[in-house]
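Letters A, B, ... are given to chains in the order of the sequence lines, protein chains preceding strands, and every chain is numbered from 1.
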Amino acid sequence: MFDKPLTVYNWKDYTLPHPDGYIELKTPDIGDVPVRLFLTPKLLEEVEQDVYKQIVNATRFPGVKLVAITPDVHVGYGVPVGSVILTDDTVAMGPVGYDIGCGMISARSAVEAEKATPKKRLEFNRAVMELVEMGAGGHSRTKLRYISETEFNKLVRGGADYYITKYGASFDRSRAERNRIPVDDNWQIPWGGRGRPERGLTQLGSLGGGNHFMELQRCVETDTLFVQIHTGSRGFGHGLATNYFELARSDKPGKVKHLDLGYFTPDSPNHRSYINAVAAGGNFAILNRLILFEQVATAFKQVFNAELELIYEISHNLVQKEWHPEFGEGWVHRKGATRAFPAGHPGLKGTKWENTGHPILIPGSNKDFSFILKPLEGAHKSGYSVNHGAGRRLSRGAAKQKLHQPKVNEEYRKAGIIVNDNGNIPLDESEACYKPAEEVVNAVVQAGLAEVQYRLLPLASLKGLD
DNA sequence: ATGTGC
């Protein structure tokens, strides 16, 4: 299924603009599966050659009905980061990714942006760094570092509902995507194995490394201070993903040659089990964002003496059962892709977003715009999804090699953006590593998927170091 | 992404 050799190399010659605002890809390698590229011609030109093989992979899981590619697409494990895969009943791990439930939280304040003087920005960063554990391998600095396995189980099953009942909530969470993804009572966490999800036991309430961040921003439209957080399920989600990749391999001996392309059809008991794992990993990520937000709000209060109000909280790495007007009920895998339900979508029924659509949170680099978008009716074209960020354009290795530390430090200093507290900008996460966010967001606006509501500019950024 | 082995 996945080892059929590719017949096409110059794949970009097999694209044609569709009147609905996306680019259609049709090659013998992808057969009849509709593949829609939500890219401008310029962004398409910049897409790496290796992405093609991964798009073909995406079409080859059993029962795939649609593959949508978002404008921030780049190479991932098995399938691209920035892909949306609709299947009938197959569920797959690669199309969710290792950081199960990874996503964004965004909040606003009534504080005028000018109150964030350079001194206050540094003060904010120091206050956050005092409270929040950042970086790869970090353990929570909250009391949740010391919870029992029993309590951990209750948390990843009960999500924010359980957390709020047990520990109380310092803010109104009713504006989040959800508090909890249901987990079956009989599902057990697959402790141990190669993945060792138990790594997550001490990590609830820690940022992590890589592209995870916390940021103080100025909203261009309101000229007030906003805050944004990007984090996921840490070692727990990573461990779950690893163990289910292994299970997929033992499920179908010899058939799954590429570990990254494992999947489960409903005839496997692991099918339901993996859906539960995604729910538990998703709940961990929801909790992680909730706890970090409480800490950031505490720091914000200390420095600006004001409250933060949630705008939205949403994951961009999940598989969920959804309805689609063209493809019916099915599993929607989003890997580095943000859900975009417009007004009237049945998935919003009974929520406060029913008549408006829910906010879409899209971060740019820490020296570029971030965006909050509003989904439009046309979002069905992409399986109700848009990009999840600007998209990497320079590898970490290349960034460390090519970029000059003093020069980058100077650029950020001139822009008045403080990263952490020592003036040294992490090169592999700096502006040059990412595509211009505006260009990427324009691609989804032009395709009629969403419209821009707020533009946010970074003032102070917090990054965990690898 | 993770945090360890290449």
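The distance from atom CZ of A/R396 to atom C1' of B/dC6 is 18 Å, rounded to the nearest whole Å. Atom CZ in A/F284 sits roughly 10 Å away from atom P in B/dT2 (whole-Å rounding). Atom OH in A/Y98 sits about 15 Å away from atom P in B/dT4, given to the nearest Å. Between A/L207 atom CG and B/dG3 atom P the separation is 12 Å, expressed in whole Å. Between A/E429 atom CD and B/dT2 atom P the separation is 11 Å, expressed in whole Å. What separates CZ of A/R199 from P of B/dT4 is a distance of 8 Å, to the nearest Å. Regarding A/H230, its NE2 atom lies at a distance of 14 Å from the C1' atom of B/dT2, rounded to whole Å. A/L201 has its CG atom 13 Å from the P atom of B/dG3, to the nearest Å.
Using cut-offs of 30° and 60° for the angle between ring planes, the A/Y22 and A/F38 rings count as tilted. Using bins of under 30°, 30° to 60° and over 60° for the plane-to-plane angle, the ring pair A/W11/A/Y52 lands in the parallel bin. Using the six-membered ring where Trp is involved, A/F245 and A/Y98 have ring planes that are tilted, between 30° and 60° apart.
Aromatic pair A/F293/A/F171: ring centres closer than 6.0 Å.
With B/dG3, B/dT4, B/dT2 as the choices, the nucleotide that has an atom nearest any side-chain atom of A/Q203 turns out to be B/dG3. Considering only side-chain atoms of A/A136, the nucleotide from B/dT4, B/dG3, B/dT2 that sits closest is B/dG3.
Across all strands shown, A/N211 has heavy atoms under 4.0 Å from sugar-phosphate atoms exclusively, and none from any base. Residue A/G208 is classed as a sugar-phosphate contact, given heavy-atom separations below 4.0 Å to backbone atoms only. Nucleic acid contact class of A/G237 (heavy atoms, under 4.0 Å, all strands): none. Within the 4.0 angstrom heavy-atom criterion, no nucleotide atom of any strand lies near A/R194.
Each of A/R196 and A/H212 was assigned the nucleotide of DNA chain B with the nearest heavy atom; the assignment lying further toward the 5' end belongs to A/H212.
A donor-acceptor pair under 3.5 Å is formed between the side chain of A/D368 and the backbone N or O of A/A437.
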